[in-house]
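Input: a single structure, listed below in structure tokens.
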Amino acid sequence: MAESLHIALFTDFHPTTLGGVQTAMRSLRDALRGQGHRVTVFSAPAPGSVPPDPDTVVLRPMPFAMSNGLPLVLPTRANQRLIDAAFTDRGPFDLVHSLTTYGCGISGIRAARRHGIPIIQTMQSRDDTVIEKYSPAPFLAALTMRLLHGWFVPLRNHPPYPGDTRTTRLAWRPLIAHAQATDHVIVPTHHFARRLAARGVDRPIHVVSNGIDDALLDRIRGTSEPDLNAAEPGPNASEPLRALWCGRLSPEKRPLEAIEAARLVDNCTLDIYGSGPLAEDARKAITAANLSHRVHLHGEVDQSACLTAMRTHDVLLLTSDCDTQGMVLLEAVAMGLPVLYCDPELSETVPEDGSIRTPTPSVQSFATELAGLAADRTRLPLMRKALSPHADEPRQSNHITRILSIYTASLSE
């Protein structure tokens, strides 16, 4: 590998916006720069006014937003000209690393091919599950995405995967096509790698976890590492169990189910960090159930605030059932916070003895486990102790060498 690379990161989410993908992207970008490499980010604009960044190229959005409220970018001719101009003015670039599979991600693939450089693709979106479970019109949503993505990245003669429904098959097609159009694919978990391979992706697939910025972790933890082996027990049964929920307030993250589970457990408080389309519904649910004294909405906060909050709570409540890895899980592990979750796929990310998985994703299952923890706090210090040996695993410094080795492989082909 050359001493210093120039990497074009393509992402459909502006670096200043909040979310798991953005958090992982910023950590990767900063780690690459820390290794002496140059990184230029190509992204959708932020929804509000943000200071310009000389190392970020903002692409032109459509006049309508994505379902999550963020600007939508398509691989139009205007954006192609903008990208090509940036490649000329800022180049040369050694490779493209695309972090999403929507308009900007497609633009990254097409830019790499136009300029004859390798394209590496990170994939971590379970669009099939999100669409089938949470879209108001699953088949129409899957068909629309398939047709739109297929216009730019075609996939022909691909046999269906046994057991997939018609909607699921349509939802998978853009992901498969996108992976097949790249040189190397990076995924954060083995279970997602298996899903891609089973559906015919034959590009090299590398499993590399997302990471948390080392400097941020050190700052939140303080000058000395916390002794998680000696973690204090949670409050006794006369004090409320302190549950924490972090994420986007959207249907697939199931924040309303978290509120309902907390409603069913009297000896429990719930702090919710995040914003999104269900924010008003969450406020109404709290008011209707007269829960404002123990369920609190804190709004959109940065990663630092979430990590800090994890130090003062007893358990992370993760109600989502369609995450591939979940940055919030990595953050909980890093901060020694026990996790209550429902998705069997996420067992790969969180140590078994440091977590509790509900038997089903139902509200009642979550409420039952919360009530059990509220009544018996003795499990909490044991769970913290089990997390202790894994606390440094999410550091980005543990993963950046593997990323760079994938870059090296792509450049040597």
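Reckoned from all heavy atoms, side chains included, excluding hydrogens, waters and symmetry mates. Note that the coordinates shown come from a computational prediction; the quantities given were computed from them, not determined experimentally.
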Using a strict 4.0 Å threshold on nitrogen-to-oxygen distance, state whether Arg377 and Glu239 make a salt bridge.
no
Tell me if a side-chain donor or acceptor on Arg60 pairs with a main-chain N or O of Leu82 at a distance below 3.5 Å.
no
Validation row: Leu316, Glu331 side chains within 4.5 angstrom (heavy atoms)
no
Between the side chains of Lys253 and Asp323, is the shortest nitrogen-to-carboxylate-oxygen separation below 4.0 Å, so that they form an ion pair?
yes
Taking all atoms of both residues into account, what is the closest heavy-atom pair of Ala86 and Phe93, and its distance?
O-CE1, 3.9 Å
Minimum heavy-atom distance Met25-Phe13, with the two atoms named:
CE-O, 4.4 Å
Distance-only donor-acceptor check, side chains Ser362 and Gln364, under 3.5 Å:
no
Does the distance from a Lys or Arg side-chain N to an Asp or Glu carboxylate O, for Asp353 and Arg379, drop under 4.0 Å?
no
Quick check: does any side chain N or O of Glu260 sit under 3.5 Å from a backbone N or O of Leu256, one acting as donor and the other as acceptor?
no
May I ask you to test the Leu217-Gln396 pair for a side-chain heavy-atom distance under 4.5 Å?
no
Partners of Arg113 by salt bridge (charged side-chain N to carboxylate O under 4.0 Å, His left out), sequence neighbours excluded?
Asp183
Answer yes or no: does atom NE2 of His190 have more than 12 heavy-atom neighbours from other residues, nucleotides or ligands under 6.0 Å?
no
Presence of salt bridge, Arg395 and Asp218, under 4.0 angstrom:
yes
Begin from the C-alpha positions of Glu348 and Thr189 and carry the test side chain to side chain donor-acceptor pair (under 3.5 Å) through to its verdict.
CA-CA 7 Å; Glu348 181 181 335; Thr189 57; 4.5 Å; no
Can you list the steps and then say if Ile117 with Val96 is a side chain to side chain contact (heavy atoms under 4.5 Å, CB included)?
CA-CA 7 Å; Ile117 59 177; Val96 169; 3.8 Å; yes
Give me the ring orientation class for Phe10 and Phe42: parallel if the planes are under 30° apart, tilted from 30 to 60°, perpendicular past 60°.
parallel
Answer yes or no: are there more than 12 heavy-atom neighbours, outside Arg166 itself, under 6.0 Å from its atom CZ?
no
Pro251 and Tyr134 have their tightest heavy-atom pair at O-CE2, 3.6 Å
Are Pro61 and Leu72 close enough that some pair of their side-chain heavy atoms sits under 4.5 Å apart?
no
Correct closest heavy-atom pair for His149 and His178 would be NE2-ND1, 2.9 Å
Point-to-point distance, once rounded to the nearest 0.5 Å, from CG of Leu307 to CZ of Arg221:
9.5 Å
Can you tell me which residue pairs pass the salt bridge (charged side-chain N to carboxylate O under 4.0 Å, His left out) test with a partner in residues 121-145, sequence neighbours excluded?
Arg126-Asp343, Lys133-Asp321
